[in-house]
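Inspection log for the structure reproduced underneath, given as C-alpha cells.
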Amino acid sequence: MVAFSKILGLSLFAIPAWAGNYKEPYRPQFHFSPAKNWINDPAGLVHHNGMYHMYFQYNPGGIEWGNMSWGHATSDDLTHWEEQPVALLARGYPESASEMFFTGSAVADVHNTSGFAVEDKTPLVAIYTSSYPIAQTLPSGKKVREEQQSQSIAYSLDDGMTWTTYDAGNPVIHNPPAPYEKQYKNFRDPFVFWHDQTRKWILVTALAEIHKLVLWSSDNLKDWQVESEFGPFNAVGGVWECPNLFPLAVDDDESNMKWVMVLGLNPGGPPGTVGSGTQFFIGSFDGKIFIPDDESVHPGNQTSNWMDWGPDYYAAASFNGLEDSDRTVIGWMNNWQYATKIPANPWHGAMAAPRHLSLKTIDEKTTLIQQPHENLRAIESNGSMLSSWKTFSEGEKGLGSVGKTMDIELEFISSDAKEFGIVLQATPDWKQQTRVGYNFANKEIFVDRTESGDTSFDKTFASVYHAPLTPNSQGVVRLRILVDWSSVEVFGGEGETTLTAQIFPSRNATFAQLFSIGGSTKNVELGIHKVSSVWN
Ligand SMILES: *[C@@H]1O[C@H](CO)[C@@H](O)[C@H](O)[C@H]1NC(C)=O
Ligand SMILES: *[C@@H]1O[C@H](CO)[C@@H](O)[C@H](O)[C@H]1NC(C)=O
Ligand SMILES: *[C@@H]1O[C@H](CO)[C@@H](O)[C@H](O)[C@H]1NC(C)=O
Ligand SMILES: *[C@@H]1O[C@H](CO)[C@@H](O)[C@H](O)[C@H]1NC(C)=O
Ligand SMILES: *[C@@H]1O[C@H](CO)[C@@H](O)[C@H](O)[C@H]1NC(C)=O
C-alpha cells in the first residue's frame, strides 16, 4: 500500500447499466479485474482446501483510491475468478473511515497456534496494516495516533469467506521497533509465512520512508519479536513497501535452497520508467536474518535486480499454502504515476497474469526465472497459427487480423538486422499499434507503446521500455508475449527477463505483423495461441 493522500475532485464517472458484463472497452479478458471500482495491491494470497484466495486493496465506494478495504476473489484454477463479497470492510464505511485495511498476507493456521480454531475448522489468519486516519483508543485499550500504521490480525472459520478482527488484541504490532518509533506513519505491508526449520511464523514489514525491512518471529501470530532488519540496498527511490520473502530451489535441487526477497519501490522503478517498480534480492535466510548474496547487491549504486522492466508490475505477492516448487506470484498491473487516470471504466486496476517462479543457473549466475503459470494453457486454443521462415528478409510481413487475446511464442536468430519483432493490437490503418521486439546490438527487448491507442491521460505514458536479454548459447532469442485487451506481458529467454505494460487500443486494433529492420533475421518461428475469455 502506498502512502497516498490526494484530494479527490468530483466523480466524473457514473456507473453505466452494463457495468460488470466484462465486455467494456479495455476490459481484461483473461486477467482479473473487479466488476467495478478501484483495486490495487493483491494481498492475503493463500491456497486453502483446493481454492486460491486472492484478497486485494479495494474501494467499495469509488473508482479512485479510498475507503481501503480487502476485496476478495476465489479461483480453483488461477484463471477463472469469482468475485466475492468484501472480506474486510473499512471500519466506519460508508461514513468516514476510522480504520482502513491496507496490504497484508494470510495463512492457514493448521496447528491452531493462534487458538482461533473452533471444533474442526482450520482458522485462516490474515495480518494486515491498520491505517488509522484519526487518533483513537481501540477496543483493546491501545491508543493510536492520527495517521498511524500498525499491524493487526483477523481470522476466518469459514475458509476465508467471512472474517473477524481480533479486537481484543489488535494491533498485534503496535509501533515500529526502536530506534525507528518515529516511522509510525509509514510502517506497513506485513508478509507472513510458516518457517518449518525453526517452527515459527516469520513476518516481514516495511519501514517505507527509510528503505528498511524488519523481520519478526512469532509462535502464535499474536506476539511478535524482532529478529533482524534488512536494507537499504540497491534501488531506494520513493518508498519501499510490499515485501515478500520465500524459498526457491536452485536448478530444481531441493538440497540447494535459496531465499528471495521481493519489494516494491514507488516512485523509483526500472530505468526509463516513471513511477512504481519491483526489485528482488537472492540470498539466504536462517529463520532470523536474510543475507543477500554478493552478486545480488550493488553497493553505492542504485541499480537493482528488477523483477519486471516495464512500467506496470507492482506489489507482487506470493501465495501461501503451496509447495515451494509451486511458488506463484501475482502483481498489480498498474502504476501509481497514472493509476487513477487510466481510461478503464467502471473499474480501475487489474492483476498481472499469475507467474511461476524458479531459480536457474545461467552463465554461472543464480537467476530468477518467471513464466506464466501453466494453467493458462487450459484456456488457450489448441489450433494455433504457426509459421516459420529460414530467412526473414528486411521489411514487414502482415499476419492479418489475429485478435486481441493471445499467447504468442516467437523465436529467432540474429543475422544482419538491427531489430526484429512484432506489431500487435494494430488498427487496420496501423495508426494505433504496439511494437514488441528485440534490438540485437543493445541486447534488449523493447515495448513501444507510443502509439498504442489512448495515451492522452498521462504525459509519461506514451513511451518505449527496454529490458536486457542475452540470446541463449545457440544464439536464439525467445519471446513469449501475453496480449490482452489492455496489456502486454513479455517473458524473454527462459523467463529471466519480463516486461509488463498496459495499453489502451481501440476495439478494431486486432491486426499484427512481423518486422525485421536494417537487414534480415534467421530461423524465425512464430506461434500464436488464442486465449479464451474467462468472463464471457
Ligand atoms: C468512500 O465511499 C463513500 C460511500 O460509498 C463514497 O461516497 C466516497 O466517495 C468514497 N470515497 C472515495 C475516496 O472514493
Ligand atoms: C484451539 O486453541 C484454543 C486455545 O488454546 C482452544 O481453546 C481450542 O479448543 C483449540 N481448538 C482446537 C480445535 O484444537
Ligand atoms: C551498478 O551496478 C551494475 C550491476 O552490478 C553495473 O552493471 C553498473 O555498471 C553499476 N553502475 C555504476 C555507475 O557503478
Ligand atoms: C486444449 O487442449 C487441452 C488438453 O486436451 C484442454 O485441457 C484445453 O481445454 C483445450 N483448450 C481449449 C481452449 O479448448
Ligand atoms: C478504429 O476504431 C476507432 C475508434 O472507434 C475509429 O476512430 C477508427 O476510425 C477505426 N479505424 C479503422 C481503420 O477502422
Side-chain angles (χ1 to χ4, degrees), residues 1-15 19 23-26 34 36-40 57-71 85-86 88-102 107-125 131 133 153 155-159 164 166 168-169 218-223 339-341 343 345-349 398 400-401 403-404 423-434 451-456 485-486 503-513:
M1 207 19 264
V2 75
F4 189 81
S5 55
K6 187 169 180 246
I7 307 301
L8 294 162
L10 294 170
S11 175
L12 298 173
F13 303 102
I15 293 172
K23 290 180 178 169
E24 306 93 328
Y26 315 128
K36 59 180 180 152
N37 295 335
W38 166 271
I39 65 164
N40 57 291
Q57 291 289 278
Y58 183 65
N59 180 355
I63 197 172
E64 297 204 5
W65 187 93
N67 298 308
M68 294 320 292
S69 302
W70 275 32
V86 171
L88 291 164
L89 183 64
R91 215 181 286 268
Y93 180 85
E95 277 83 49
S96 64
S98 59
E99 178 188 5
M100 295 196 281
F101 298 90
F102 282 5
V107 286
D109 181 15
V110 291
H111 303 303
N112 191 26
T113 64
S114 62
F116 290 139
V118 172
E119 287 153 14
D120 60 347
K121 295 307 288 180
T122 297
L124 292 186
V125 179
S131 167
I153 59 177
Y155 61 94
S156 170
L157 294 172
D158 59 0
D159 298 326
T164 306
Y166 175 52
S218 173
D219 292 321
N220 60 7
L221 293 162
K222 294 172 175 166
D223 302 300
T340 62
K341 297 187 284 185
N345 177 33
W347 79 100
H348 272 165
S401 176
K404 294 174 81 72
V423 173
L424 297 164
Q425 303 277 61
T427 47
D429 57 7
W430 304 97
K431 282 195 173 142
Q432 290 183 16
Q433 51 173 272
T434 299
E451 294 171 53
S452 55
D454 187 351
T455 62
S456 63
W485 284 14
S486 58
I503 51 172
F504 298 98
S506 307
R507 277 194 197 276
N508 55 10
T510 59
F511 286 76
Q513 65 180 12

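Counting starts at 1 for both ligands and their atoms, in listed order.
Here the CH2-CD distance, from Trp485 to Glu24, works out to 8.5 Å after rounding to the nearest 0.5 Å. Atom CD1 of Ile39 is separated from atom CE of Met68 by 9.5 Å, given to the nearest 0.5 angstrom. Taking CG of Asn67 as the reference point, atom CD of Glu95 lies at 10.5 Å (rounded to 0.5 Å).
Using a 4.0 Å cutoff on heavy atoms, Trp38 does not count as a contact of ligand 1. The shortest heavy-atom distance from Lys121 to ligand 2 is not under 4.0 Å.
Residue contact check: Asn112 has heavy atoms under 4.0 Å from atoms 1 (C), 2 (O), 3 (C), 8 (C), 10 (C), 11 (N), 12 (C), 14 (O) of ligand 2. The ligand atoms of ligand 2 that sit less than 4.0 angstrom from a heavy atom of Ala117 are 1 (C), 8 (C), 10 (C), 11 (N), 12 (C), 13 (C). Close contacts of ligand 1 with Asn59, meaning ligand atoms under 4.0 Å from a residue heavy atom, involve 12 (C), 14 (O).
Ring geometry for Tyr155 against Phe116 counts as parallel: the plane angle stays under 30°, on a 0 to 90° scale with 60° as the upper cut.
On a distance-only criterion, Glu119 and ligand 2 share no N/O pair closer than 3.5 Å. Annotation: Trp65 places no N or O atom under 3.5 Å from an N or O atom of ligand 1; distance criterion only. Taking distance alone, with nitrogen or oxygen atoms compared against 3.5 Å, Tyr93 approaches ligand 1 more closely than that limit.
For atom 4 (C) of ligand 1, the choice among Ser96, Pro94, Gly66, Ala97 with the nearest heavy atom turns out to be Pro94.
With 3.5 Å as the limit, one finds no donor-acceptor pair spanning the side chains of Thr434 and Ser452.
Distance from atom 8 (C) of ligand 5 to its nearest protein heavy atom, with residue and atom name: Asn508 ND2, 3.8 Å.
The two residues Trp430 and Val423 come nearest to each other via the heavy atoms CZ3-CG1, 3.9 Å.
Distance check on atom 14 (O) of ligand 5: some protein heavy atom falls below the 4.0 Å cut-off. Protein heavy atoms are found less than 4.0 angstrom from atom 2 (O) of ligand 2.
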